[in-house]
Amino acid sequence: MKITKEQFLSFCIVAKDKIAEYIKKTAYLFRHSRIALLSVAVIIATLCTVLFSGITVAYELEYNGVIIAQVKDKDDYDKAVKLAQSLFAANELESYTYTPRFHITVTTEKNLSDLSELAKQIVEKTDSLGKGAALKIDGEVFAYVAEECCLTDYINNYLSTYVEGEGVTSSFINNVECIEGYFPDNYFVSIDTVKEKLCCLDVKSLQTVCTQEEIPYTSVTRKSDSRVLGDIQKVVTGVNGITETVKNIEMLNGEIVNTTLVSENVIKNPVQEVIVVGTKRDTSVSSAYVSQLNCIWPLKRVEGQTITSYYGDGRGHKGLDIASKTGTPIYAVQSGTVITASYEAGYGYYITVQHSNGYKTFYAHCDKLLASVGETVSQGQVIALVGNTGRSTGSHLHFEIEKDGVKLNPAAFLGL
């Protein structure tokens with residue numbers, strides 16, 4: 001390793017003083033002794049060993065009154081200043097630095113400072129400089145803020161709350177950058193200045209939204225001549241399907257400006273409902289029942305009148321639903337006595353007639369009742385009008401027949 005003349009002379013001066021002092025003490029103790037001469041030889045040998053075992057002459061670098069490094073050459077400081085320029089985001093670092101002082105010292109190679117560490121020390125030990133960030137908008141510096149303001153965090157938080165929700169990314173329309181580094185303290189401004197500027201910038205947001213919607217199942221009715229008329233059976237229960245849709249929603253300052261369909265997939269197919277309706281007429285049973293009660297049709301025949309639901313129908317239906325216009329006259333199917341004429345949440349206005357042989361007939365969802373409790377009515381007498389009261393999905397008569405507390409299929413008594 002090459003040592004300059006100046007370094008060598010300085011080392012010799014230091015070494016000479018140390019050797020002379022040691023010889024003086026040794027001679028005093030071992031005057032006129034061969035041991036003194038031997039000690040001098042040992043000292044010289046030790047110095048030679050040390051000289052060639054990593055000991056070197058260097059400089060202690062004093063900066064702003066503090067020793068911050070040990071360097072081999074003085075120009076290491078100039079190299080470190082140039083390297084520090086990359087940490088200093090402004091342009092004139094040298095105009096802020098202090099004049100260094102160098103002190104000759106003897107040290108080891110491993111104690112010499114790395115240039116990058118020296119560059120960092122120079123910046124940190126310069127009192128007029130501080131760590132912070134520069135806010136650039138479209139390539140131009142708008143403001144500098146000190147480190148404690150956490151400019152990058154503030155901007156990220158501002159954008160994240162601009163449009164709330166999952167899967168949202170937001171950014172400024174302008175090119176906004178945060179350049180971190182060291183700056184002159186007098187460059188720094190309040191974070192409020194930055195906040196006011198950011199509020200004036202347009203923000204674009206993109207949100208990816210995934211939604212699921214039900215696909216309503218369809219229903220099909222099939223006729224079966226193996227089942228008696230009025231027998232309705234649900235053989236397959238309908239199940240809604242599910243479709244998944246992914247969309248990209250573009251927003252400007254929180255307002256939607258465009259929606260793009262990314263994908264739409266059926267992730268569960270609907271199951272079609274299948275209902276079987278019996279069409280077979282059981283004439284023997286019908287005749288027997290008809291002869292027992294000898295019913296007439298419970299409504300005045302009008303256009304559009306139709307049976308919409310039979311006894312049973314797969315949901316435990318206990319009567320016969322006959323759709324008809326509101327206000328259509330309802331007849332007593334056989335003579336008897338009115339035992340109920342009232343209103344109930346499910347059946348709406350309803351009336352019950354007691355007949356002979358233990359039979360009762362029941363008429364529900366009426367618009368108006370025209371007979372009262374205790375009144376004797378004759379077959380064919382108008383006792384109510386068709387309506388849509390109670391839990392009803394349309395204007396119709398719900399007609400039931402009961403004997404000895406057991407509800408029977410009205411279709412058999414009406415000759416259907």
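Just so it is clear, the model here is predicted, and its values are computed rather than measured.
In this structure, Asn175 and Ile137 have side chains that are not in contact, with every pair of non-hydrogen atoms separated by 4.5 Å or more. Proximity of Tyr331 to Ile383: side-chain heavy atoms (C-beta onward) are nowhere separated by under 4.5 Å. Looking at heavy atoms from C-beta onward, Trp297 lies in side-chain contact with Leu299 at the 4.5 angstrom threshold. Taking the side chain as every heavy atom from C-beta outward, Asp114 and Leu118 never approach each other to under 4.5 Å. A 4.5 Å side-chain heavy-atom check between Ile339 and Val353 finds every atom pair outside the cut-off. Counting heavy atoms from C-beta on, the side chains of Ile191 and Leu151 come closer than 4.5 Å. When side chains are defined from C-beta on, Ile330 counts as touching Val386, because their heavy atoms get closer than 4.5 Å.
Counted within 6.0 Å of NZ on Lys403, heavy atoms from surrounding residues, nucleotides or ligands total more than 12; the atom is thus considered enclosed. By the 6.0 Å contact criterion, CD on Glu166 is open, its count of non-hydrogen atoms from other residues, nucleotides or ligands being 12 or less.
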Go through the steps to decide whether Tyr359 and Ile401 satisfy the test side chain to side chain contact (heavy atoms under 4.5 Å, CB included), and finish with yes or no. CA-CA 7 Å; Tyr359 286 101; Ile401 295 180; 4.1 Å; yes
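At distances below 3.5 Å, not a single donor-acceptor pair connects side-chain atoms of Asn111 with backbone N or O atoms of Thr107. No donor-acceptor distance shorter than 3.5 angstrom exists from the side chain of Gln85 to the backbone of Lys82, with no hydrogens or angles considered. A donor-acceptor contact shorter than 3.5 Å is absent between the side chain of Thr126 and the backbone of Ser128. His396 places no side-chain N or O within 3.5 Å of a backbone atom of Thr308 that could act as its donor or acceptor partner. Between the side chain of Thr389 and the backbone N or O of Tyr349, at least one donor-acceptor pair lies under 3.5 Å. Here the side chain of Glu196 pairs no donor or acceptor atom with the backbone of Thr193 at under 3.5 angstrom.
Electrostatic pairing of Lys407 and Glu402 counts as a salt bridge here, judged by a charged N lying under 4.0 Å from a carboxylate O.
Tyr59 and His103 have their aromatic ring centers separated by at least 6.0 angstrom.
Between the side chains of Tyr363 and Thr352, no donor-acceptor pair is found at a separation under 3.5 Å.
Classification of the Phe188-Phe183 ring pair by plane angle, with boundaries at 30° and 60°, yields perpendicular. Between Tyr347 and Phe362, the two ring planes are perpendicular [angle over 60°; tilted spans 30° to 60°].
Tested against Thr361 for a side-chain hydrogen bond (donor to acceptor under 3.5 Å, both in side chains), the candidates His355, Gln354, Gln334, Glu400 yield a single pass: His355. Here the options are Glu214, Lys268, Glu213, the test is side-chain hydrogen bond (donor to acceptor under 3.5 Å, both in side chains), and the partner is Asn240; only Glu214 passes.
Shortest non-hydrogen contact noted between Ser372 and Ala341 is CA-CB, 4.4 Å.
Put simply, CD1 on Ile67 and CD on Gln121 are 12.0 Å apart, with the number rounded to the nearest 0.5 Å.
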